[in-house]
Amino acid sequence: MLDLTPMSVRDPARVPCCVSIDVEEYVHVEVARGVVDFNQWDDWPSRVERNVDLLLTLFDACGLRGTFFILGHVAQRHESMVKRIAQAGHEIASHGSNHQRLHQLNTETFRADVLACKKLLEDQTGQHVRGYRAPTFSVVRQTAWAIDVLVELGFEYDASIFPIRHPWYGVPTTPMSPFMVRNGSGPALLEVPPLVYRLGSWNLPAAGGGYFRLLPLVLMQWALAQACRQGRPAILYFHPWEFDPQMPRMPLSVTGLIRTYTGLRRAQSRLECIMRRSSRWGPIGDVLGELRALADMHPVFDLARCAVTHN
């Protein structure tokens, strides 16, 4: 395949590398839905401040900054923590209000959910919130209408479309690099996908989360090396609860228990290994210019049709 990446971007020292944190409690995980209901969330002991502070300490020790996609439900209850994140120089971004997959919302309820979180975070930190990530990467073909709402509300980028196959999410036909996405004939928005490893005709998830804890670390290392060679940005994501071996045990299914509790003890050392291998990690918002330049190399992707457009 012809490599159209500019030589200046292909230089490994200039390829954007961004680490992001989806700031939520352990009770917010998708596998707990229907087991720990919304009205029971506050009955479980909060662990998010302890875990975020651990990450802030680690980031400071590594001399790096990141993007924190903060859930509105968490921000309402932990304003001082949100301010600590901002004061440490990290980008504040939105993870929505109540951790509902977009399949459970419509245009109006989604607008209200996202607007409430955006306003809350901006009021708490004084930062302009430019980025959004949907719970469970749930911006997919069926929820393409979300792109119109995000543009309307003034977001500059979305980080919700995973270019993989998964029962709950993913759009495997999208580019692995940043691209512009639209819903039909609507306005386009910069999309920043998580890191994948290209193996033949398959994209393997290698950006973080359960894949980071359950699979061999070498997969992420291979993916980072491949992305660097190809001049492709590396966007990683993690959750604070993934670094908390003492978090309470929820009554999940066997599959849910494996997905949620496996690898918690080794997660911190693994993250340190990844973070210390490079000094190039930074917030997504700091490299929007480079990401847009890469996106402009692709045709605009029409999410409603899962096809590229040329107008």
Side-chain angles (χ1 to χ4, degrees), residues 1 3 5 10 12-13 15-22 29-31 51 54-55 58-59 62 64 66-67 69 133 136-138 140 159-179 191-245 254-282 284 291 294:
M1 181 180 292
D3 185 357
T5 308
R10 232 180 280 170
V15 177
C17 292
C18 303
V19 58
S20 62
I21 305 295
D22 293 353
V29 297
E30 185 63 26
V31 293
N51 300 327
L54 182 152
L55 289 170
L58 174 59
F59 280 23
C62 294
L64 64 89
T67 297
F69 291 94
R133 175 174 287 148
T136 322
F137 296 106
S138 53
V140 294
S160 307
I161 302 179
F162 217 144
I164 63 169
R165 298 184 186 278
H166 189 281
W168 292 344
Y169 56 81
V171 186
T173 55
T174 58
M176 297 183 294
S177 278
F179 60 97
E191 184 63 41
V192 184
L195 177 71
V196 296
Y197 180 67
R198 184 72 171 179
L199 183 63
S201 60
W202 290 85
N203 292 340
L204 303 182
Y211 310 109
F212 171 71
R213 292 179 289 107
L214 275 69
L215 301 179
L217 183 61
V218 69
L219 177 61
M220 178 176 281
Q221 294 170 330
W222 286 346
L224 288 168
Q226 183 186 71
C228 185
R229 290 193 305 270
Q230 297 175 351
R232 179 161 46 91
I235 311 297
L236 305 185
Y237 73 94
F238 307 95
H239 306 87
W241 57 263
E242 294 185 282
F243 304 90
D244 185 4
V254 172
T255 301
L257 289 171
I258 293 172
R259 286 179 174 176
T260 306
Y261 292 95
T262 300
L264 298 179
R265 294 190 181 278
R266 62 174 177 247
Q268 182 175 345
S269 61
R270 283 187 166 201
L271 182 58
E272 289 176 351
C273 177
I274 293 296
M275 295 298 99
R276 293 187 185 279
R277 63 177 284 165
S278 172
S279 60
R280 294 180 292 117
W281 299 104
I284 297 171
L291 299 178
L294 287 167

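On a predicted model such as this, the values are computed, not experimentally measured, just so you know.
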*Take Leu271 and Phe238 through the test side-chain contact (heavy atoms from CB on, under 4.5 Å) and record every step on the way to the result.*
CA-CA 9 Å; Leu271 182 58; Phe238 307 95; 3.6 Å; yes
*How close do Pro172 and Ile164 get, heavy atom to heavy atom, and via which atoms?*
CD-O, 3.4 Å
*Output yes when a side-chain donor or acceptor of Arg265 lies under 3.5 Å from a complementary backbone atom of Pro245, and no otherwise.*
no
*Answer whether the closest heavy-atom distance between the side chains of Val171 and Phe162 falls below 4.5 Å.*
no
*Evaluate side-chain contact (heavy atoms from CB on, under 4.5 Å) for Ile21 paired with Phe69, printing each intermediate quantity in order.*
CA-CA 6 Å; Ile21 305 295; Phe69 291 94; over 6 Å; no
*Would you say the side-chain atoms of Thr67 pair up with the backbone N or O of Ser20, donor to acceptor, closer than 3.5 Å?*
no
*Where is the tightest heavy-atom contact between Arg133 and Asp22, given as atom of each residue plus distance?*
NH1-OD1, 2.8 Å
*Intermediate values then yes/no, side-chain contact (heavy atoms from CB on, under 4.5 Å), Cys273 and Leu217*: CA-CA 9 Å; Cys273 177; Leu217 183 61; 4.1 Å; yes
*Checking side chain to side chain contact (heavy atoms under 4.5 Å, CB included) against Val192, which of Leu294, Ile235, Ile161 comes through?*
Ile235
_Looking at Ser160, is its backbone amide N or carbonyl O close enough to the side chain of Glu191 to form a donor-acceptor pair, meaning the two atoms are under 3.5 Å apart?_
yes
*How about Val19 and Ile274: do any of their side-chain heavy atoms sit closer than 4.5 Å?*
no
*Reported CG-to-OG distance for the pair Leu291 and Ser177, which is rounded to 0.5 angstrom*: 9.5 Å
_In terms of relative ring orientation, are Tyr237 and His239 parallel, tilted or perpendicular, with 30° and 60° separating the classes?_
perpendicular
*Within a radius of less than 6.0 Å around CZ of Arg266, do more than 12 heavy atoms belonging to other residues, nucleotides or ligands occur?*
yes
*With a 4.5 Å heavy-atom cut-off, do Val15 and Arg232 have their side chains touching?*
no
*Note, Phe59 side chain near Trp281 side chain (heavy atom, < 4.5 Å)*: no
*What's the spacing between Met275 CE and Leu58 CG if we round to 0.5 Å?*
8.0 Å
Sequence neighbours left out, cut at 3.5 Å: what donor-acceptor pairs do the side chains of residues 200-214 make with other protein atoms?
{"residue": "Asn203", "atom": "OD1", "partner": "Arg198", "partner atom": "NH1", "Å": "2.7"}
{"residue": "Asn203", "atom": "ND2", "partner": "Pro163", "partner atom": "O", "Å": "2.8"}
{"residue": "Tyr211", "atom": "OH", "partner": "Tyr169", "partner atom": "OH", "Å": "2.6"}
{"residue": "Arg213", "atom": "NE", "partner": "Glu242", "partner atom": "OE2", "Å": "2.6"}
{"residue": "Arg213", "atom": "NH1", "partner": "Arg259", "partner atom": "O", "Å": "3.1"}
{"residue": "Arg213", "atom": "NH1", "partner": "Thr260", "partner atom": "O", "Å": "3.4"}
{"residue": "Arg213", "atom": "NH1", "partner": "Thr262", "partner atom": "O", "Å": "2.7"}
{"residue": "Arg213", "atom": "NH2", "partner": "Glu242", "partner atom": "OE2", "Å": "3.4"}
{"residue": "Arg213", "atom": "NH2", "partner": "Arg259", "partner atom": "O", "Å": "2.8"}

*Between Asp244 and Leu264, does a side-chain contact (heavy atoms from CB on, under 4.5 Å) hold up when you go through it step by step?*
CA-CA 6 Å; Asp244 185 4; Leu264 298 179; 6.0 Å; no
*asked:* Could you report the tightest heavy-atom contact between Leu195 and Pro233, atom names first, then the distance?
replied: CD1-O, 4.5 Å
